[in-house]
Number of protein chains: 2
Amino acid sequence: MSAGVIRTDPATERPVRLAEIQREIRELITDLRPDVLAIERVFFQHNVRTAMAVAMVSGIVMAEASAAGCDVVEYSPNEIKQAVAGWGAADKLQVGQMVQTLLGLAEPLRPPDTADAVAIALCHLARQRVGASGGSVR
Amino acid sequence: MSAGVIRTDPATERPVRLAEIQREIRELITDLRPDVLAIERVFFQHNVRTAMAVAMVSGIVMAEASAAGCDVVEYSPNEIKQAVAGWGAADKLQVGQMVQTLLGLAEPLRPPDTADAVAIALCHLARQRVGASGGSVR
C-alpha cells in the first residue's frame, strides 16, 4: 500500500488479487477502527469488465466493514461530486482541486484516486451535518 | 442455510447481507476444506442491479477461497451448460434435468439454484478429465 491506495499486480490471478485487497482492507479496519465506512455506489457505466471488477471489490469492502461492526454508507458518484465540487457533473480534475482547497493542501493529492476517496469522506461529513441540523432553526 | 443455498433477508441492508454471506462461505470452506472452488463467471446480461449484486458476492467468494489456499476456477454460463447439457443455450430446466440424470437422483434438486451449483462442479470435473488425458491415447 502507498499513499492510501491498495494496489495489486495485474498479472496475478483475480482471486489472489481479491484476497490481497481483502487482507489489506481488514488490516486497515482493524488499525483505524472507523465508526463509518463511506463508499461510492457502483454504477454500470461504459466498461462492463471494469464495473464488474469494481463491484467485486466493493462487495469485499462492504462485507469486511460490516463484519467489523462498522456502519457502511453508499453515495452515488453524483452525490459525491455535488457535495465536494458543488455540481454533480464535475470532472476528476475539479474534484481533485476542490479536495485540495477544502483540506488546505499546497499540492493536489496523488494519485487522483486518493482525492476521490477523500471526496467520499467529505461527502459523508457534509451529509451528516445536514442530517444533524434536521428541521431545527439552530 | 438450507439445501446448499445461502439465503439472506432482502429487507436487511446490503453490507450486512454481504457480511452474512461472507461468514457462511468462510465456515463452509473451513468445514469442507476444498482443493478447488469452481464458480460461474459473472457476465452482465439484462439486469444491471442483479449483475452488480452477483459480482459483489462473487468477489467475496473468490477472495475467501483464495485466502484459504483454495484454487479458484471460473467458468462461463455457456461452458457450464455445454458441459452438463451438451449445448451452451440449454435453459435452467434442462440443466436441472441433466444434473438429476447425471447424479442418478429420483427427484430434481431443489431449489434449482442447487442444481446450477452442481452443474458448475460437474463442468469442472469434465474439464479436469479432458485436461488429464491431455494428448495421450489412453
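A note on names: the letters A, B, ... follow the listed sequences, proteins ahead of strands, and every chain is numbered from 1. The model shown is predicted, which means the values in this text are computed figures rather than measured ones.
- Transitive grouping of hydrophobic side chains (ILVMFWY, heavy atoms separated by less than 4.5 Å) brings B:Val118 and B:Leu105 into a common cluster.
- Among the residues in residues 53-63 of chain A, those with a non-hydrogen atom closer than 4.5 angstrom to a non-hydrogen atom of chain B are A:Ala55, A:Met56, A:Ser58, A:Gly59, A:Ile60, A:Met62, A:Ala63.
- Annotation for A:Asp35: atom CG does not count as buried by contact number, only 12 or fewer foreign heavy atoms lying within 6.0 Å.
- By the criterion of side-chain heavy atoms lying less than 4.5 angstrom apart, applied directly or through intervening Ile, Leu, Val, Met, Phe, Trp or Tyr residues, B:Ile120 is not grouped with B:Met98; the two fall into different hydrophobic clusters.
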With a cut-off of 3.5 Å and sequence neighbours excluded, list every side-chain donor-acceptor pair involving residues 83-91 of chain B.
| residue | atom | partner | partner atom | Å |
| --- | --- | --- | --- | --- |
| B:Asp91 | OD1 | B:Leu93 | N | 3.2 |
| B:Asp91 | OD1 | B:Gln94 | N | 2.8 |

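- Linking ILVMFWY side-chain heavy atoms closer than 4.5 Å, directly or via other members, places A:Met52 and B:Ile80 in two distinct hydrophobic clusters.
- The stretch residues 65-75 of chain B places B:Ser66, B:Ala67, B:Val72, B:Glu74 near chain A, each with some heavy atom under 4.5 Å from a heavy atom of that chain.
- Hydrophobic clustering of Ile, Leu, Val, Met, Phe, Trp and Tyr side chains at less than 4.5 Å, counting indirect connections, keeps B:Ile39 apart from B:Leu122.
- Identified by a heavy-atom distance below 4.5 Å to chain B, the contributing residues of residues 10-18 of chain A are A:Arg14, A:Pro15, A:Val16, A:Leu18, in residue-number order.
- Cluster membership check: A:Leu103 shares its hydrophobic cluster with A:Val95, using side-chain heavy-atom separations under 4.5 Å among Ile, Leu, Val, Met, Phe, Trp and Tyr.
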